[in-house]
Amino acid sequence: MTAIRLLLVDDDPLVRAGLAFMMGGAADIEIVGEAADGGEVADLVERTRPDVVLMDIRMPAVDGITATERLRGREDAPQVVVLTTFHADEQVLRALRAGAAGFVLKDTPPAEILDAVRRVAAGDPVLSPAVTRQLMDHAAGSAADDRRTHARGRLTALGEREREVAVAVGRGLSNADIAAELFMSVATVKAHVSRLLARLGLNNRVQIALLAYDAGLLDDAGGRAADPAGPAGPVDPAGADRANGGEGPRGRRGGH
C-alpha cells in the first residue's frame, strides 16, 4: 500500500510537533514536510509532492485561505484540509470556496483527524451535515443575494441533465445514488461531474455543493432541479462528504 504523503502547515511549533507525532505513527501516512506559514507552502509542495496538506487557517503572514487558493490553481494540486478553532466561522467557508476539501477542529480526537486525511486522500470531502448547515446559516446575510445572482449566472450554461447532477451532488448523494435516481450508469454520473468541474472551473464536489446552495437550485420539498433564472428555495449541500470520488482528471491529488 502506498503511504499518503502529508504536509503540515501551522505557525505554532507545538501544534506542528503534536500533529507530526500523532500522524507520523500511522503506517499509511508519511510526513513529507512542515511549514510555519502559508507563504512557504508552494515551494514545499513543489519539492515534496504531498497528497494532502493539513493547514492552519490563521497564520500571521500568508493565511491558509490564500495559500489554499494558490495551491488549487496548480496542476496536480494536493488536497487541502484546513485546521480551525471554531467550526461556525466564515473563514472556514471561505477556505472551502477557495478549494479546500474539508476542515477539522484543532481539538478533534486524533483518530478523527487521521480519518479525515485518509478520506480526503481518497477523494472524499470531509464535511458533516450539521456543520455544513451551520456554516451556510452563519454566512447568510447581505451578501447572499449577490452570491445567488453570481451563481445563477454561472449555471445558466448548464443543460438540464447537468443541472440535475449538480443538484444531486449538492444534496450529498453518492455517485451510485445519483445513478439510481437519475436512471444512468455510475460511469455516466462521473463523466457529468467531471464536466461540471471543468465547465464551472471548480476543484471538487464541495464547491459544486456550495455553488448549488448559492444559486438556490433545490427547493425544500422535492429537491428537484430548479431553473436558476427563476425562484427557488435554499439547498443544503450537507452530506457531500458521503459522495464517491474519482471524477477528476488529476488522479489521487485531484480526486473529487
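Because only heavy atoms are used, hydrogens play no part in the values below, and waters and symmetry mates are left out as well, while side chains stay in. Owing to the predicted nature of the structure, the values given are computational and were not obtained by experimental measurement.
Residues A98 and I65 share a closest heavy-atom pair of CB-O, 4.2 Å. Scanning both residues, V41 and A67, for their nearest heavy atoms gives CG2-CB, 4.5 Å. Across all non-hydrogen atoms, the minimal contact from L114 to A26 is CD2-CB, 4.0 Å. Closest heavy-atom contact between V82 and A95: CG1-CB, 3.9 Å. The two residues A212 and A166 have their closest heavy-atom pair at CB-O, 4.1 Å. Summarising the geometry of N204 relative to A101, their closest heavy-atom pair is ND2-CA, 4.0 Å, with the distance given to 0.1 Å.
In this structure, the separation between CD on E34 and CG on L7 is 8.5 Å, given to the nearest 0.5 Å. For the atom pair D37 CG and M55 CE, the distance stands at 10.0 Å (nearest 0.5 Å). Note: D28 CG to T2 OG1 = 11.0 Å, rounded to the nearest 0.5 Å. From R58, atom CZ reaches atom CG of D12 across 14.5 Å, with rounding to the nearest 0.5 Å. Rounding to the nearest 0.5 Å places CG of L105 at 9.0 Å from CG of L83. Taking CD1 of I57 as the start and OG1 of T68 as the end, the distance is 7.5 Å to the nearest 0.5 Å.
A donor-acceptor pair under 3.5 Å links the side-chain atoms of R199 to the main chain of A157, judged by distance alone. Checked by atom type and distance alone, the side chain of Q207 pairs as donor or acceptor with a backbone atom of R97 at under 3.5 Å. A donor-acceptor contact shorter than 3.5 Å links the side chain of S194 to the backbone of K190. With hydrogens and angles ignored, the 3.5 Å screen pairs a side-chain donor or acceptor of R154 with a backbone N or O of L200. With hydrogens and angles ignored, the 3.5 Å screen pairs no side-chain donor or acceptor of N175 with any backbone N or O of I178. The backbone N or O of T48 sits less than 3.5 Å from a side-chain atom of R5, completing a donor-acceptor pair. Under a 3.5 Å cut-off, the side chain of R161 and the backbone N or O of H192 do not form any donor-acceptor pair. Checked by atom type and distance alone, the side chain of T108 never pairs as donor or acceptor with a backbone atom of V104 at under 3.5 Å. Remark: the backbone N or O of D63 is not paired with any side-chain donor or acceptor of T66 at under 3.5 angstrom.
Using a cutoff of 4.0 Å between basic side-chain nitrogens and carboxylate oxygens, E160 and R163 are not scored as salt-bridged. At a threshold of 4.0 Å, the pair K106-D56 counts as salt-bridged, since one of the basic side-chain nitrogens sits closer than that to a carboxylate oxygen. Ion pairing between R49 and D76 holds under the 4.0 Å rule for side-chain N and carboxylate O.
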From CA spacing to verdict: side chain to side chain contact (heavy atoms under 4.5 Å, CB included), I113, L54: CA-CA 10 Å; I113 297 180; L54 189 59; 4.2 Å; yes
Side chain to side chain contact (heavy atoms under 4.5 Å, CB included) between E30 and I4, intermediate numbers included: CA-CA 6 Å; E30 177 188 358; I4 299 166; over 6 Å; no
Side chain to side chain contact (heavy atoms under 4.5 Å, CB included) between R16 and D10: does it pass, once the steps are laid out? CA-CA 6 Å; R16 291 200 312 275; D10 197 295; 3.8 Å; yes
Any chance you could lay out the side chain to side chain contact (heavy atoms under 4.5 Å, CB included) test for L6 and M23, step after step, and finish with the verdict? CA-CA 9 Å; L6 179 67; M23 311 294 281; 3.6 Å; yes
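Just one residue in the list L96, L71, V9 forms a side chain to side chain contact (heavy atoms under 4.5 Å, CB included) with V80, and that residue is L71. Checked against Q79 for a side chain to side chain contact (heavy atoms under 4.5 Å, CB included), the options D51, V117, V120 give a single hit: V120.
F21 and V52 fall into different hydrophobic clusters, where Ile, Leu, Val, Met, Phe, Trp and Tyr are joined by side-chain heavy atoms under 4.5 Å apart, directly or via other members. Connection of F103 to V62 is not established within any shared hydrophobic cluster, with ILVMFWY side chains joined at heavy-atom distances below 4.5 Å, either directly or through further cluster members.
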